[in-house]
Protein chains: 4
Amino acid sequence: MGKPQTRRKDTRQRILDVALELFLERGYDQTSLREIAERLEVTKAALYYHFRTKEDIVDALVGGIGERLDELIAWARAQPTTLETRRELLRRLNEALEEYSPVFQFLQENQAALRGRAGPKTARDRMQALGTLLTDPQSPVLDRVRSLSALFTVYFGTFATSAMEGTPEEKRAALLQVAWEQIDAAHAAHSGK
Amino acid sequence: MGKPQTRRKDTRQRILDVALELFLERGYDQTSLREIAERLEVTKAALYYHFRTKEDIVDALVGGIGERLDELIAWARAQPTTLETRRELLRRLNEALEEYSPVFQFLQENQAALRGRAGPKTARDRMQALGTLLTDPQSPVLDRVRSLSALFTVYFGTFATSAMEGTPEEKRAALLQVAWEQIDAAHAAHSGK
Amino acid sequence: MGKPQTRRKDTRQRILDVALELFLERGYDQTSLREIAERLEVTKAALYYHFRTKEDIVDALVGGIGERLDELIAWARAQPTTLETRRELLRRLNEALEEYSPVFQFLQENQAALRGRAGPKTARDRMQALGTLLTDPQSPVLDRVRSLSALFTVYFGTFATSAMEGTPEEKRAALLQVAWEQIDAAHAAHSGK
Amino acid sequence: MGKPQTRRKDTRQRILDVALELFLERGYDQTSLREIAERLEVTKAALYYHFRTKEDIVDALVGGIGERLDELIAWARAQPTTLETRRELLRRLNEALEEYSPVFQFLQENQAALRGRAGPKTARDRMQALGTLLTDPQSPVLDRVRSLSALFTVYFGTFATSAMEGTPEEKRAALLQVAWEQIDAAHAAHSGK
DNA sequence: CATGAATGAGCCTTCATTCAT
DNA sequence: CATGAATGAAGGCTCATTCAT
């Protein structure tokens with residue numbers, strides 16, 4: 001009754017939350033399981049009851065996002081490669097990025113630390129897949145760069161605008177509009193020929 | 001007495017080369033001084049003759065780039081804030097990025113690992129300074145995003161296009177043109193008012 | 001009410017079987033309770049329902065054999081110290097060894113790991129007791145070695161001949177005959193004087 | 001001047017000595033590197049300067065003995081398979097065993113703990129090779145057991161007689177004589193046919 | 001210039017064990 | 001009977017760093 005000895009059911013989720021928190025604060029390699037355990041006020045061994053290794057924590061953290069993007073890619077592949085599809089793809093990508101924002105930031109900032117693991121390898125593949133879906137393969141370099149630029153705008157802009165003034169909706173709309181202008185331009189030049 | 005004995009092409013530089021190589025291959029935190037020493041076929045202690053700490057190696061690696069960018073920022077600040085200045089700023093930024101390409105990649109991929117160190121803190125500051133120099137502070141969100149997008153295009157495009165087909169010159173030109181279009185648009189909307 | 005429900009052939013015995021199996025495969029110290037539980041498809045905690053500690057499992061495993069040998073020793077002590085008694089002692093020892101063969105092998109291969117535990121201390125005592133029963137204390141070194149050799153022949157031969165060709169009966173008979181020849185020789189020299 | 005800070009040259013050998021000492025006292029698995037380091041009054045990390053892993057310590061410990069036995073086996077193979085050769089083989093084996101007595105005891109008592117390592121696999125092979133060299137392959141089971149028994153006598157007797165009264169020379173002579181009688185018997189029966 | 005030897009801190013991981021349910 | 005969750009202790013190992021030579 002004195003101590004909060006509640007056998008919490010959601011320890012697993014709490015571990016993930018705190019881990020992400022610390023990974024963002026101090027970086028993956030510099031975050032030890034001891035620190036995670038301490039902030040949770042459990043022992044290191046408790047973490048190992050829920051996750052077999054430190055990497056497993058990362059996997060659980062980034063797992064959802066992978067599926068989310070794969071769905072997105074699958075959806076885009078099933079659509080006709082029209083300008084409209086591409087606009088919608090960027091919109092959905094922005095949506096996904098905002099939903100998983102902290103995890104994306106974690107992946108972004110810890111690329112090197114996670115190299116060799118399962119996650120990031122496919123992360124790069126996914127970025128590439130998205131790039132391909134936004135570009136016509138036979139289009140000139142200039143248009144391919146425009147498409148790439150649109151992707152960057154949505155991808156990095158989602159994080160970079162967080163410090164910018166303005167309402168989230170306003171910024172989001174601006175991001176999408178700019179990205180759209182870029183694929184519009186890529187498309188126009190190419191199909192107008 | 002004039003020149004150093006150049007026994008093996010300057011050990012200090014060889015250390016930096018190998019360190020960067022390994023930092024890019026395996027990440028900063030996952031690269032131990034032992035590995036660097038082994039690849040160089042010297043002892044760990046030898047590294048300590050040339051650098052006081054592991055961080056000192058990073059500092060030496062990213063030192064030049066910092067000055068380079070600071071010069072760039074200083075130059076831009078000394079210019080009138082015209083469209084032409086901004087175009088030239090992007091051009092020079094692209095030049096700097098290509099010159100220091102591997103170091104930039106290292107900084108990019110190891111953000112989290114280097115957090116808290118001297119380098120990256122100012123790195124973020126510099127990115128921000130560049131962003132500010134490309135935007136008019138009182139311009140609407142949409143234009144600020146356009147400028148940001150121009151910066152991303154040059155910044156990330158320099159790395160991302162390395163796998164793309166086309167000659168380096170061609171890709172470089174395309175990158176700059178796309179970035180220019182974006183600040184042009186930002187500028188036009190704003191000044192046309 | 002009479003018989004236990006024998007739900008799955010007596011869990012306690014299954015634990016012992018699997019434990020012995022694993023102790024032989026991987027060694028006592030290298031076998032964790034987790035492994036035992038996993039192979040049994042129960043939880044670790046279930047083991048603790050049946051055995052208070054890991055050592056208790058060992059004790060249950062080697063318990064029977066201890067009593068068996070103690071009986072053997074008690075029997076031999078109650079007999080006159082004749083050649084015939086010694087022959088019969090070796091025969092019964094061989095019988096016991098074959099009956100408990102895997103447990104003996106376990107004890108044999110894990111002597112060091114079990115040191116300090118209850119079992120093996122007395123195991124050594126028993127070996128010594130057997131040695132004493134096969135030798136006349138005042139006999140010359142040579143004859144004492146002969147008796148020791150007879151003991152080794154039965155003791156280690158039981159395991160060592162398992163890979164040898166021939167029927168078990170044949171090998172067993174050979175083992176005993178050789179051991180007998182040795183105590184015969186020890187006896188003859190001594191009593192013939 | 002106060003503390004014995006002498007940078008001792010022979011730390012590597014001291015590690016091996018203390019390791020063997022502790023492995024014999026408490027068993028391989030139950031001896032931690034911390035304990036070895038403490039008894040040596042150095043840090044654990046110092047051990048790792050001299051040996052890459054705990055297993056490497058074992059390898060260094062049992063390395064010499066392997067070569068010793070391989071030489072012995074090679075020598076025996078180069079001789080004619082006469083009774084005289086076999087006698088001499090047993091004599092030399094006894095010599096080797098006494099020379100490396102503690103290491104043999106360590107291998108003997110920690111068989112299970114060392115399973116899967118390099119050492120013991122070949123240890124078993126060597127025992128078998130010695131067994132083969134002492135027996136004629138086509139001889140009857142009884143004679144093969146006699147040869148095996150001779151091997152046991154020398155092999156285990158070397159350790160088992162350490163507690164027995166009598167001078168070392170006396171015991172050694174007795175051991176060899178008993179072993180010889182056994183191969184003599186094996187040989188006589190076989191060649192007398 | 002450079003090395004061999006060593007340290008102190010810390011890391012990830014595993015283990016035997018406990019206990020409320 | 002049995003489990004899910006957790007603990008405390010310890011283990012093997014690696015790392016950045018130091019220093020006498």
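Sequence lines set the chain letters: A, B, ... in the order given, protein chains first and strands last, and positions in each chain run from 1. Just so we're clear, the structure is a prediction, and the values are computed from it rather than from any experiment.
For the pair D:I15/D:V42, no side-chain contact is recorded, criterion being any heavy-atom separation below 4.5 Å from C-beta on.
Under the side chain to side chain donor-acceptor pair (under 3.5 Å) criterion, C:E99 pairs with C:R68, sequence neighbours left out. Applying the ring pair (Phe, Tyr, Trp, His ring centres under 6.0 Å) criterion to B:F51, with sequence neighbours excluded, gives no partner residue. Under the salt bridge (charged side-chain N to carboxylate O under 4.0 Å, His left out) criterion, A:D56 pairs with no residue at all, not counting sequence neighbours. Residues passing the side chain to side chain donor-acceptor pair (under 3.5 Å) test with D:Q13 are D:D17, sequence neighbours excluded. Take D:D70 and apply the salt bridge (charged side-chain N to carboxylate O under 4.0 Å, His left out) test, not counting sequence neighbours, and it matches D:R126. Under the ring pair (Phe, Tyr, Trp, His ring centres under 6.0 Å) criterion, C:Y48 pairs with no residue, sequence neighbours left out.
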Checklist entry - For every nucleotide of nucleotides 9-14 of chain F, 5' to 3': is a protein heavy atom under 4.0 Å from its base (B), only from its sugar-phosphate (S), or from neither (-)? => result -BSBBB
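The interatomic distance linking C:Y49 (OH) with E:dT18 (C1') rounds to 16 Å, in whole Å.
Out of E:dA6, E:dA2, F:dT3, the shortest distance to the side chain of D:A46 is found at E:dA6.
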Listing, residues 18-30 of chain A side-chain donor-acceptor contacts under 3.5 Å, not counting sequence neighbours, or none:
{"residue": "A:E21", "atom": "OE2", "partner": "A:R39", "partner atom": "NH1", "Å": "2.6"}
{"residue": "A:E25", "atom": "OE1", "partner": "A:R39", "partner atom": "NH2", "Å": "3.2"}
{"residue": "A:E25", "atom": "OE2", "partner": "A:R39", "partner atom": "NH1", "Å": "3.0"}
{"residue": "A:R26", "atom": "NE", "partner": "A:E35", "partner atom": "OE2", "Å": "2.8"}
{"residue": "A:R26", "atom": "NH2", "partner": "A:Q30", "partner atom": "O", "Å": "3.2"}
{"residue": "A:R26", "atom": "NH2", "partner": "A:E35", "partner atom": "OE2", "Å": "3.0"}

Checklist entry - When Watson-Crick pairs (N1 to N3 and N6-O4 or O6-N4) and G-U wobble pairs (N1-O2 and O6-N3) count only below 3.5 Å on both distances, what is the dot-bracket string of DNA chain E, with | for other-strand pairs? => result .||||||||||||||||||||
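For the OP1/OP2 pair of E:dA6 and a distance below 4.0 Å, the side-chain nitrogens and oxygens of D:H50 include at least one atom meeting the criterion.
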